[in-house]
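Right, one structure below, let's go through it.
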Amino acid sequence: MDYVSALLPPVVMAVFFSGIVAIIIKTQGGPNKAKEDAIVDAALARAEAARQADGTAAH
């Protein structure tokens with residue numbers, strides 16, 4: 001029975017990790033992709049505008 005208790009945590013973590021990867025792959029793209037991209041673009045534009053207003057150069 002020691003081998004069961006030794007193997008259980010890695011198996012549980014492998015199943016959990018596989019599930020997370022599957023969820024990430026399934027949620028890529030889809031109908032919300034354009035909306036998410038627009039939100040990121042707007043945030044980057046605000047950050048760039050704030051940086052230019054401060055007078056600091058982008059690297």
Side-chain angles (χ1 to χ4, degrees):
M1 290 304 290
D2 287 340
Y3 62 90
V4 173
S5 62
L7 290 176
L8 188 61
V11 170
V12 170
M13 290 302 294
V15 169
F16 179 74
F17 182 73
S18 299
I20 293 293
V21 170
I23 290 171
I24 290 171
I25 290 171
K26 286 181 184 178
T27 58
Q28 295 300 308
N32 291 328
K33 184 173 181 6
K35 184 169 61 171
E36 293 169 357
D37 289 347
I39 292 170
V40 170
D41 290 341
L44 290 174
R46 279 194 301 269
E48 183 63 27
R51 185 180 305 127
Q52 288 177 357
D54 290 344
T56 57
H59 295 279

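Starting from 1, each residue takes its place in the sequence as its number.
Taken together through direct or relayed side-chain contacts under 4.5 Å among Ile, Leu, Val, Met, Phe, Trp and Tyr, V15 and L7 form parts of separate hydrophobic clusters. Under the 4.5 Å side-chain heavy-atom criterion for grouping Ile, Leu, Val, Met, Phe, Trp and Tyr, I20 is not connected to V12 through any hydrophobic cluster.
The residues R51 and E48 are annotated as salt-bridged, a charged nitrogen and a carboxylate oxygen being separated by less than 4.0 angstrom.
Residues P9 and A6 share a closest heavy-atom pair of CD-O, 3.9 Å.
Taken to the nearest 0.5 Å, the CG atom of D41 stands 11.0 Å off from the CZ atom of R46.
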